[in-house]
Amino acid sequence: MIKTRICDLIGIEYPIFQGGMAWVSTGELVAAVSESGGLGIIGSGQAPADWLRQEIRKVKAITKKPYGVNVMLMSPFVDEVMQVILEERVPVITTGAGNPGKYVPMLKDVGTKIIPVVASVALAKRLEKAGVDALIAEGTESGGHIGEIGTLPLVPQVVDAVNIPVIAAGGIVDGRGLVAALALGAEGVQMGTRFMCAEECTISPLIKDRILKAKDRATVITGRSTGHPVRCLDNRFTREMDQYEREGMPAEELEKIGVGKLRLAMVEGDVDNGSIMAGQVAGAVKCIEPAAQIIQAIMQSAEQEYERLSARFAERRA
Ligand code: TUI
């Protein structure tokens, strides 16, 4: 059994977070992950506050276990979303795409644990000083809005720079990834892409099918010129964006074209014109299965991999 500080900090059985993906991580998936002993996290993205309240209530109706909400700090509704989080006494929040420092005191007041996503050592250090409870160090292998450093170099540098627990994200899809993350000094993992193919995930089956058919080189990065690079599966939408970027379209116009495209993919199932945000591990996701089975499989294979490595080290010592 792999228990770490993060399990004790938030009261979960297994050190596995399900990434809070906009339009993907709805109450159904979140409740299933939390009920299975991981941490399910609602993706509030750019959704309005009442949508979030409804998803929180769905989770509370299904499970009494801890769950989280991801706050996308570039959302126009961020203040209202924070208000709902306070009112509903959400146990854990994660944040993305910005610095949540100014929200830390009010969240601490109500006992909400704050676990920001960082893509650099500098922000990790600043947020530890601001009083956050743990950090998610997310490498560029992830889907969606990404930083520039790979998980393998980022995680140990963040681990060495702070004393609070660090969760590794980006490029992790199975038990081998969990053991590797622990070897880097992380105390857990966050996975998004694999949970997109959970049975309980409510996205369009056409998107799940695209992930299952993806190969290792299926993802591309668009939006570098806007300062907000995004990783998604290569499709008509990403090729058009790429063309516009090469033609020098201004950032504002590019961003306008992107509006609504994530929903178009995930909810409407438009696999050509939508933005299918997914990580580089898409090629390693092999089947649709219940969240409980995903978590059990990861824990079982992590323990086997750990045993295998221990045996190899023991052989060398003998
Ligand atoms: O946030 C994510 N992934 C996301 S958010 C999203 S919605 C979106 N759509 C279009 C454009 C932008 C967002 C889709 N996927 N992951 C967490 C994450 N946070 N990755 C990287 C960061 C990050 C980047 C810069 C965090 C902080 C930061 O700097 C803030 C600062 O002030 O230094």
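Sequential numbering from 1 along the given sequence is applied to the chain's residues. Order of listing sets the numbers, starting from 1, for every ligand and every atom in it. Basis for what follows: all heavy atoms, side chains included, without hydrogens, waters or symmetry-related copies. All figures in this text were calculated on a predicted structure; none of them were measured in a lab.
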task = Specify whether W51 and W23 have parallel, tilted or perpendicular ring planes, treating 30° as the upper limit for parallel and 60° as the lower limit for perpendicular.
result = tilted

Please tabulate, one line per pair, the protein nitrogen or oxygen atoms found under 3.5 angstrom from a nitrogen or oxygen of ligand 1, with distances to 0.1 Å, or say none if there are no such pairs.
{"unit_1": "ligand 1", "atom_1": "3 (N)", "unit_2": "H145", "atom_2": "O", "d": "3.4"}
{"unit_1": "ligand 1", "atom_1": "15 (N)", "unit_2": "H145", "atom_2": "N", "d": "2.9"}
{"unit_1": "ligand 1", "atom_1": "16 (N)", "unit_2": "E138", "atom_2": "OE1", "d": "3.3"}
{"unit_1": "ligand 1", "atom_1": "19 (N)", "unit_2": "A97", "atom_2": "N", "d": "3.0"}
{"unit_1": "ligand 1", "atom_1": "20 (N)", "unit_2": "E138", "atom_2": "OE1", "d": "3.0"}
{"unit_1": "ligand 1", "atom_1": "20 (N)", "unit_2": "H145", "atom_2": "O", "d": "3.3"}

ask   = Would T26 and T202 count as having a side-chain donor-acceptor pair, cut-off 3.5 Å?
value = yes

Under the side-chain contact (heavy atoms from CB on, under 4.5 Å) test, residues paired with L127 that sit two or more places apart = N99, P100, P116, V118, L123, V132, L135

query = Roughly how far, to the nearest 0.5 Å, is CD1 of I41 from CE of M21?
reply = 9.5 Å

ask   = Is there a path from L178 to I12 through hydrophobic residues (I, L, V, M, F, W, Y) whose side chains come within less than 4.5 Å of each other?
value = no

inquiry  = Whether the S25 and Q18 side chains hold a donor-acceptor pair (N or O, under 3.5 Å, no angle test) is what I'd like checked.
reply    = yes

